[in-house]
Amino acid sequence: MKREILLPIAEQVAVELRAGEEVELTGAVLPGRDQSCARLFRMIREQAQLPVDLAGQLIYFVGPSPAPPGQVIGSAGPTTSGRMNPFLPTFLARGLRGFIGKGYLAEAVKEALLAHHGVYFGAVGGTGALLAGCIESAQVVAFPELLSEAIQLLRLRRFPAVVLYDTGGGDWYEHALRDSNVPAKPH
């Protein structure tokens, strides 16, 4: 049975998680993609007031499609997390607890996860319609002009994920590669 994690995630809960552990996330997350993350990063650099508090939160790297009639949200699958690498150490230093996405992260981001007790959850790419069914509500809270990249408050219910990087340096990708005959990714 998958462990249900209530969001926002408490630091103590994050510290208990281990790479490879399957979880279900229930509660509020903030979606973010290239433009919205870049804008938040710029605001932090300029010491401007942020439109959302990052402390203790998770960002889900997603740019959902428009909601069909009668639906809360359109397809909402994860986007490649590595595109957010330049922003993530700064976000984690501001108290972000972690993020949901897919793919590898830069070493600097892994180090920031360790330093700030952050966790990286993976969602399965290509399952956007299924994952949208785990989103109970969506409300734009910042940058509405960015359309699908606007920051919303998403309420998840039993959103399936796996811990990719844990707070102790556990790396599910490295573990999976070590236990398979697949060569390590080139650097």
Q.
Nearest 0.5 Å, please: how far is CG in Leu88 from CG in Leu96?
A. 7.5 Å
Q: May I ask whether Leu114 and Trp172 are part of the same hydrophobic cluster, defined by side-chain heavy atoms of I, L, V, M, F, W, Y residues being less than 4.5 angstrom apart, directly or through others?
A: no
Q.
Measuring from atom NZ of Lys102 to atom OG1 of Thr127, what distance do you get when rounded to the nearest 0.5 angstrom?
A. 9.0 Å
Q. Is Arg94 close to Leu50 at the side-chain level, that is, under 4.5 Å between some pair of heavy atoms?
A. yes
(Q) Quick check: closest heavy atoms across Arg39 and Phe143, and the distance to 0.1 Å? (A) CD-CE2, 3.2 Å
Q.
Both conditions, 6.0 Å and 45 degrees, for the charged tip of Arg83 above the ring of Phe61: are they met here?
A. no
**Q.** Expected output: side-chain Glu149 to main-chain Gln35 donor-acceptor under 3.5 Å
**A.** yes
(Q) With a 4.5 Å cut-off on side-chain heavy-atom distances among I, L, V, M, F, W and Y, is there a chain of contacts connecting Val141 to Phe41? (A) yes
Q) Can you tell me how far CD of Glu16 sits from CD of Gln12, rounded to the nearest 0.5 angstrom? A) 5.0 Å
(Q) Side-chain heavy atoms under 4.5 Å apart, restricted to Ile/Leu/Val/Met/Phe/Trp/Tyr: what other residues fall into the cluster of Leu17, or is it alone? (A) Ile5, Leu7, Ile9, Val13, Val23, Leu25, Val29, Leu58, Tyr60, Val62, Val72, Ile73, Ile100, Val119, Phe121, Leu131, Ile135, Leu154, Leu156, Phe159, Val163
(Q) Quick check against the 3.5 Å criterion: does Arg97 have a side-chain atom that pairs as donor or acceptor with the backbone of His117? (A) yes
Q: Take Asp34 and Met84, measure what side chain to side chain contact (heavy atoms under 4.5 Å, CB included) needs, and give me the verdict at the end.
A: CA-CA 7 Å; Asp34 307 66; Met84 282 15 111; 4.1 Å; yes
Q | Heavy-atom pair with the smallest gap, counting every atom of Pro89 and Ala108 | A | CG-O, 4.1 Å
Q. Minimum heavy-atom separation for Ser75 to Ala129, with atom names?
A. OG-N, 3.6 Å
**Q.** Gap between atom NE2 of His116 and atom CD of Glu11 - 0.5 Å precision
**A.** 11.0 Å
Q. Any donor and acceptor pair, going by atom type alone, linking the side chain of Tyr120 with main-chain N or O of Asp171 inside 3.5 Å?
A. no
**Q.** Heavy-atom pair with the smallest gap, counting every atom of Thr79 and Arg33
**A.** CG2-CG, 4.0 Å
Q: Find out if a path of hydrophobic residues (ILVMFWY) with successive side-chain heavy-atom gaps under 4.5 Å connects Val162 to Leu105.
A: yes
Q. How long is the span from the CD1 atom in Ile151 to the SG atom in Cys37, to the nearest 0.5 Å?
A. 7.0 Å
Q: Calculate, to the nearest 0.5 Å, the distance between atoms CG and CZ belonging to Leu40 and Phe87 respectively.
A: 9.5 Å
Q. Are Val15 and Leu92 connected in the hydrophobic side-chain network, where two residues link if heavy atoms are under 4.5 Å apart?
A. no
Q: Compare every heavy atom of Pro31 with every heavy atom of Ile59, then report the nearest pair and how far apart it is.
A: CG2-C, 4.2 Å
Q: Of all the heavy-atom pairs spanning Ala150 and Val140, show the shortest one and how long it is.
A: CB-CG1, 4.1 Å
